[in-house]
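Working notes, structure below.
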Amino acid sequence: QYQRRYAGPPAGPNDSRERLILESKDFRRSIDYLVSRPDVDRDRLGVFGLSRGACFLPVLAVGEQRLKVAALVSVGLFFDRRLLPEDDPFHFLPRFQVSTVMVCGRSDFIFPLETSVRPTFRLLGAPEKDKRLVLQDGGHARPNYPAAIKEALDWFDRYLGPVK
């Protein structure tokens, strides 16, 4: 997803939606590729998202039965009037039922804790026992990365088992 480059910003809401459809196809093709490999355990797939990649992950992956676990770092709801309902993460969060850990900065200036991070966490469709919110000192995309990675890996080990 990160490598997909566009010449400029979306020309409007329809263009934004079309880009998200392309990114969703890329995401699902990546999973198709992974499960085709003999060295990848198709029953133990997890995903890590950061910032925009974390915000739109529920849109890209909702209903993807092959995913078992997710780690979302520097994530939250954002309000963009240009988003159509069919590409607004707000509408997908309740349907995203993958076991999820969110790691966010307490001082995130893009995703404020009370108005963005906590509502995202509450809206996640995973059962309460299968989701966790971890708050770290710091702002957007600058939490303590070693600790954020450890949280993600611990979460993956909990739901997928340790890597062999």
Side-chain angles (χ1 to χ4, degrees), residues 1-2 20-21 23-37 39-79 83 85-108 110-164:
Q1 177 185 354
Y2 183 76
L20 201 55
I21 289 169
E23 292 170 7
S24 179
K25 289 178 181 180
D26 289 343
F27 179 79
R28 291 171 192 271
R29 284 184 189 126
S30 296
I31 294 175
D32 291 342
Y33 169 72
L34 286 171
V35 300
S36 76
R37 294 179 51 111
D39 60 329
V40 173
D41 185 345
R42 65 178 38 218
D43 296 321
R44 297 175 59 210
L45 293 180
V47 64
F48 180 95
L50 173 66
S51 191
R52 182 188 183 279
C55 292
F56 281 97
L57 185 65
V59 179
L60 303 178
V62 74
E64 178 53 73
Q65 299 298 315
R66 296 173 291 184
L67 281 181
K68 304 300 182 213
V69 65
L72 309 178
V73 177
S74 293
V75 63
L77 285 174
F78 57 96
F79 304 98
L83 288 175
E86 59 266 30
D87 62 356
D88 187 339
F90 173 82
H91 298 288
F92 288 81
L93 283 165
R95 294 172 180 85
F96 188 66
Q97 299 175 349
V98 173
S99 301
T100 303
V101 62
M102 288 175 44
V103 183
C104 300
R106 284 186 184 91
S107 304
D108 192 325
I110 294 178
F111 301 121
L113 180 60
E114 296 303 326
T115 59
S116 181
V117 173
R118 289 195 195 278
T120 297
F121 183 75
R122 280 193 299 271
L123 284 169
L124 277 172
E128 290 298 318
K129 68 178 183 57
D130 294 328
K131 61 183 183 177
R132 181 166 183 236
L133 175 59
V134 177
L135 299 175
Q136 297 181 338
D137 292 333
H140 184 73
R142 291 285 181 223
N144 178 344
Y145 278 118
I149 297 300
K150 182 175 181 345
E151 290 288 346
L153 293 176
D154 288 349
W155 192 256
F156 285 13
D157 284 350
R158 175 179 172 185
Y159 283 91
L160 302 177
V163 174
K164 297 176 185 167

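Within 6.0 Å of the CZ atom in R42, the count of heavy atoms belonging to other residues, nucleotides or ligands does not exceed 12. By the neighbour-count criterion of 12 heavy atoms within 6.0 Å, atom CZ of R95 is sparsely surrounded, having that number or fewer from other residues, nucleotides or ligands. Heavy-atom contacts from other residues, nucleotides or ligands closer than 6.0 Å to CZ of F78 number more than 12.
Between D87 and F56 the shortest heavy-atom distance is O-CE2, 3.5 Å. The heavy-atom pair separating V47 from F156 by the smallest distance is O-CZ, 3.4 Å. For the pair V75 and M102, the tightest heavy-atom approach, listed with the atom from each and the gap, is CG1-CE, 3.6 Å. Considering all non-hydrogen atoms of both residues, E64 and I31 come closest at CG-CD1, 3.7 Å. When every heavy atom of V69 is checked against every heavy atom of W155, the shortest pair comes out as CG2-CD1, 3.1 Å. Closest approach of A71 and A152 over heavy atoms only: CB-CB, 3.6 Å.
To the nearest 0.5 angstrom, L153 atom CG is 10.5 Å from L160 atom CG. We find the CG-CZ distance between D130 and R158 to be 7.0 Å, quoted to the nearest 0.5 Å. Rounded to the nearest 0.5 Å, atoms OG (S51) and CG (L72) are 11.5 Å apart. In this structure, OG1 on T115 lies 9.0 Å from CG on L77, to the nearest 0.5 angstrom. Taken to the nearest 0.5 Å, the CZ atom of F92 stands 14.0 Å off from the SG atom of C55. In this structure, H140 NE2 and C104 SG are separated by 9.5 Å, a value rounded to the nearest 0.5 Å.
Using a 4.5 Å heavy-atom cutoff, the side chains of V101 and Y159 are not in contact. Side-chain contact between L83 and P89: present, with at least one pair of heavy atoms (C-beta onward) separated by less than 4.5 Å.
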- Item | Worked verdict on L67 versus F27 for side-chain contact (heavy atoms from CB on, under 4.5 Å) | CA-CA 11 Å; L67 281 181; F27 179 79; 3.7 Å; yes

- side-chain contact (heavy atoms from CB on, under 4.5 Å) between R118 and L135, worked out: CA-CA 10 Å; R118 289 195 195 278; L135 299 175; 3.8 Å; yes

- Task: Using the side-chain contact (heavy atoms from CB on, under 4.5 Å) rule, take T120 and F111 through it: C-alpha gap first, then chi angles, then the decisive distance, then the call.
- Result: CA-CA 10 Å; T120 297; F111 301 121; over 6 Å; no

- Message: Between L20 and L60, is the side-chain contact (heavy atoms from CB on, under 4.5 Å) condition met? List the steps.
- Response: CA-CA 8 Å; L20 201 55; L60 303 178; 3.9 Å; yes

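Ionic pairing of R66 and D32 is present here: one or more N-O contacts between side-chain nitrogen and carboxylate oxygen are shorter than 4.0 angstrom. D154 has a carboxylate O that lies under 4.0 Å from a charged side-chain N of K150, or vice versa, which qualifies the two as a salt bridge.
Under 3.5 Å, the side chains of R29 and Y33 contain no donor-acceptor pair of N or O atoms.
Side chain of K131 to backbone of F121: a donor-acceptor contact under 3.5 angstrom is found.
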